[in-house]
Visitor: 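The structure follows.
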Amino acid sequence: MKITLKDGSILEYSEAKTAADITKDISMGLYRNACCCKINGEVKDLRTLITDDASLEVLTFDDEDGKRTFNHTASHIMAQAVKRLYPDAKLTIGPAIENGFYYDFDVENSFSPEDLEKIEGEMKKIIKENLELERFELPVDEAIALMREKNEPYKIELIQEHADKGEAISFYKQGEFTELCAGPHLDKTGHIKHNAFKLISNNAAYWRGDSKGKALQRIYGIAFPKKEELDEYLQKLEEAKMRDHRKIGHDLQLFMTDELVGRGMPMFLPKGYTLWRILENYIRDKEIASGYQHVLTPCVGTVDLYKISGHWDHYQKNMFPAMEVEEETYVLRPMNCPHHMRIYANQPHSYRNLPIRIGEIAHDFRFEASGTLKGIERGRHFCQNDAHLFVTPEQIKDEFAKVVELIFETYKDFGIEDYRLVLSLRDPEDKEKYHDDDEMWNTAEDALRDVLDSIGLDYTEEIGEAAFYGPKLDVNVKPAVGAEITLSTCQLDFCLPAKFNLTYIDKDNTPRTPVVLHRAILGSLDRFMAYLIEETMGVFPTWLAPVQVKFLPIADRHQDYAREMMQKLEAIGVRCELDDRSEKIGFKIRAAQMEKIPYMILVGDKDIEANTISVRSRKNGDEGATSIDEFVARIKEEIDSKAR
């Protein structure tokens, strides 16, 4: 039997061997770190017996599948601990995820922080017991009987689902605990270190993610091979809490949420809306300078509109329910493309007046599951910096390049440097998610790939991330903490223009279908603002700060002079506030520092006598006295240059 390893070397055996035994022959160090393996490209347990020639790749925690196996085993240990402590808990699912694992339980009462501590303690006992994980399969009827005996109704439902698909029904047993699972898993519970895992949080969830389904309790956890890795992760979690835009937004009075208004419906307060308008005006001005025409369209449309576009077939689960009004059926729009298609169709077009660039800061609504809502980063209402470029096939390259240039210019202004470009393609096997037209997809994907190559962009390709109507370029930004996020996108669309029968008259006087570039530079203003808040921790550069200068009169008698000086700054558009409270100056300074104001202007008797102001900056502290004219020139330059 010949075993081909990842490096191409070959091991020969005269009898069948488990992947674990072969791994020991390669290196005991590798065996101690191994989580699972790939046999002929399939992820398997290390205990899998190999009986014939095969390729073998040993996977550790540093490999994605190895990490997933490690965390999945930790999930089983947690489920076993919960069943020991709360025997009436019903098991549902407990997968590994990007950052650790979770398990959903059907329990009578919500888990408390004290409950999580108890579960962690029981998990440590299970780890110390070093139980072996044994895999076995059962016929469907025996599998259902086993789960019925254990009173696990959710598992019975899953077994029936797997059986309908013709899939094997497999279990993993560790001690008294038996779990329906396809695997793979670590060999023993002791491979998880007792001091290198942590239960992070718990919240509500729904069976199968359906808000109409049974309410469950989800516990999140994380596990690492070494305690030092866990400590580093927990430190990052603490930093993430400090940077959380929801906390900072509350502290700085930028936005709020209200249960009576509705979950996922944030409301911007005066300072938050000031920042929102700065972003809106910034991107609109750049687009106007680039030849965009801005429009305003309604937040609703008929269901027929979205049936034509394809959203009703491919995106309906993310849309709010339809509304019946005077025998017409309307729906809150999840995106703006259909409206812009109709604007283009409003009048005839010639190749001479293409490209046409239609832009809008548009209010959109998507029904996000309550468990995924996160402040203004992910809500059910948001505003997109949206635009649609109607072009001839010959114009695709130049217009796409201009979009990319606009993205890069914008990122430079905001100091965004850590990002990567992703060519997002469809999954050809997923006919439900994507418009079913292989020829159109091949044409669009090849065209976009050629454009990216011709303008010299470095990018990676990811399958299954395209829009339902076409491939796209996503710009994924790495924030200070956490996973990367997509801020900007540009999509190439041959589909919707044909669906809406859009045309232009070409040079040979024949009607042709335009190509549409869907693009968003800031993405949604809401998410972009959340990103800025977390990157800066609310310490916005002066040009973005909702309040740029705060005047602090030392005594009530200095207020008139403070107002006179403030008017000179307001005359050039500087955003100012006056703290006219009858408080001590130290109190006012601390309050302004808590608000993260870039500049404080203190005025007292000496300033009035010398016709000066006393400047205190967020960056340098007390800077002493200067003339108002010098400060006006200084802050104007700082704002105009978008200094960071």
Side-chain angles (χ1 to χ4, degrees), residues 209-212 262 264-265 294-347 356 358-369 372-373 378-390 424 426-427 430-437 440-441 444 464-472 486 489-503 513-520 523-524 526-527:
D210 183 355
S211 59
K212 297 179 181 177
M265 301 288 184
H294 287 86
V295 298
L296 180 64
T297 57
C299 298
V300 298
T302 66
V303 167
D304 288 341
L305 177 71
Y306 291 101
K307 285 182 177 178
I308 293 173
S309 69
H311 290 91
W312 197 248
D313 291 333
H314 298 282
Y315 207 76
Q316 186 179 350
K317 66 180 181 180
N318 299 106
M319 298 169 68
F320 277 84
M323 303 171 282
E324 296 286 340
V325 181
E326 294 184 349
E327 299 182 356
E328 285 190 292
T329 308
Y330 290 90
V331 67
L332 288 168
R333 69 177 177 193
M335 50 193 67
N336 322 296
C337 3
H339 292 73
H340 290 188
M341 300 292 159
R342 299 309 299 159
I343 285 178
Y344 178 91
N346 184 52
Q347 57 184 338
I356 292 174
I358 298 175
E360 183 175 8
I361 306 296
H363 294 257
D364 293 327
F365 300 83
R366 296 179 187 173
F367 189 78
E368 304 282 1
T372 67
L373 299 175
R378 188 163 186 174
R380 290 169 172 166
H381 163 255
F382 58 96
C383 290
Q384 284 201 82
N385 161 221
D386 203 15
H388 296 90
L389 285 59
F390 298 83
S424 297
R426 70 159 174 164
D427 178 355
D430 192 342
K431 302 297 184 182
E432 181 178 347
K433 181 178 179 181
Y434 298 106
H435 175 65
D436 189 10
D437 185 337
M440 182 280 291
W441 276 101
E465 295 300 320
F468 79 79
Y469 48 75
K472 58 179 178 169
T486 300
T489 185
C490 187
Q491 304 160 5
L492 185 59
D493 179 12
F494 289 80
C495 175
L496 294 194
K499 282 177 172 285
F500 281 96
N501 297 315
L502 304 185
T503 61
T513 303
V515 180
V516 173
L517 303 184
H518 304 242
R519 48 104 294 192
S524 87
D526 314 66
R527 174 176 285 192

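Because only heavy atoms are used, hydrogens play no part in the values below, and waters and symmetry mates are left out as well, while side chains stay in. Index from 1, following the sequence.
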Visitor: Only counting residues at least two apart or in another chain, list the ones meeting salt bridge (Lys or Arg N to Asp or Glu O under 4.0 Å) with R378.
Guide: E368
Visitor: State, to 0.1 Å, how close M319 and L332 come at their nearest heavy-atom pair, and which atoms those are.
Guide: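 Minimum heavy-atom separation between M319 and L332: CE-O, 4.4 Å.
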Visitor: For H340, check ring pair (Phe, Tyr, Trp, His ring centres under 6.0 Å) against everything at least two apart and list the hits.
Guide: H388
Visitor: Pair F500, I308 - check side-chain contact (heavy atoms from CB on, under 4.5 Å), show working.
Guide: CA-CA 7 Å; F500 281 96; I308 293 173; 3.7 Å; yes
Visitor: Under 4.5 Å between any side-chain heavy atoms of R342 and P338, yes or no?
Guide: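 Answer no - side chains too far apart.
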Visitor: For the residue pair C383 and D526, what are the closest heavy atoms and their distance?
Guide: N-OD1, 2.8 Å
Visitor: For V300 and M323, which heavy atoms make the closest approach, and how far apart are they?
Guide: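 So the two residues come closest at CG1-CE, 4.2 Å.
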Visitor: Got Q491 and V516 here, is their nearest side-chain heavy-atom distance under 4.5 Å?
Guide: no
Visitor: For the residue pair L517 and D493, establish whether any side-chain heavy-atom pair is separated by less than 4.5 Å.
Guide: no
Visitor: Taking P497 as the fixed residue, which of V515, T513, T503 is the one that meets the side chain to side chain contact (heavy atoms under 4.5 Å, CB included) rule?
Guide: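 For P497, the side chain to side chain contact (heavy atoms under 4.5 Å, CB included) check succeeds only for T513.
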Visitor: Which atom names give the shortest non-hydrogen contact between C490 and R519, and what distance separates them?
Guide: SG-CB, 3.9 Å
Visitor: Going by the rule side-chain contact (heavy atoms from CB on, under 4.5 Å), which residues pair with A322 if we only count those two or more places apart in sequence or in a different chain?
Guide: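 Residues passing side-chain contact (heavy atoms from CB on, under 4.5 Å) with A322: V303, W312, T329.
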Visitor: What is the minimum heavy-atom distance between R380 and A369, and which atoms define it?
Guide: NH2-C, 4.1 Å
Visitor: Applying side-chain contact (heavy atoms from CB on, under 4.5 Å), can you list everything that pairs with N501, at least two apart in sequence or on another chain?
Guide: none
Visitor: For R366, which residues count as a side chain to side chain donor-acceptor pair (under 3.5 Å) partner, sequence neighbours excluded?
Guide: Y315
Visitor: Mind checking what makes side chain to side chain donor-acceptor pair (under 3.5 Å) contact with E328, not counting sequence neighbours?
Guide: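 Residues passing side chain to side chain donor-acceptor pair (under 3.5 Å) with E328: Y330.
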Visitor: Do the non-hydrogen side-chain atoms of M341 and S309 ever get within less than 4.5 Å of each other?
Guide: no
Visitor: List in chain and number order the residues that pass side chain to side chain donor-acceptor pair (under 3.5 Å) with T486, two or more places apart in sequence or in another chain; answer none if no residue qualifies.
Guide: N476
Visitor: Would you please name every residue forming a ring pair (Phe, Tyr, Trp, His ring centres under 6.0 Å) with Y344, sequence neighbours left out?
Guide: H349, F390
Visitor: Not counting sequence neighbours, which residues clear salt bridge (Lys or Arg N to Asp or Glu O under 4.0 Å) with R527? List them please.
Guide: none
Visitor: With Y306, which residues qualify under ring pair (Phe, Tyr, Trp, His ring centres under 6.0 Å), at least two apart?
Guide: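 Checked Y306 against ring pair (Phe, Tyr, Trp, His ring centres under 6.0 Å); matches are H311.
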Visitor: Report the distance from atom CD1 of I358 to atom CG of L389, rounding to the nearest 0.5 Å.
Guide: 9.0 Å
Visitor: Looking only at heavy atoms, which two atoms of P334 and Q384 are closest? And how far apart?
Guide: O-NE2, 4.3 Å
Visitor: May I ask you to test the I343-N346 pair for a side-chain heavy-atom distance under 4.5 Å?
Guide: no
Visitor: Taking only residues two or more places apart in sequence, or in another chain, which ones meet T297 in a side chain to side chain donor-acceptor pair (under 3.5 Å)?
Guide: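 T297: side chain to side chain donor-acceptor pair (under 3.5 Å) contacts with R333, E360.
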Visitor: Taking it one step at a time, do N385 and S524 satisfy side-chain contact (heavy atoms from CB on, under 4.5 Å)?
Guide: CA-CA 6 Å; N385 161 221; S524 87; over 6 Å; no
Visitor: Name all residues meeting the ring pair (Phe, Tyr, Trp, His ring centres under 6.0 Å) criterion together with H363; count only those two or more places apart in sequence or in a different chain, and write none if there are none.
Guide: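 Checked H363 against ring pair (Phe, Tyr, Trp, His ring centres under 6.0 Å); matches are H381.
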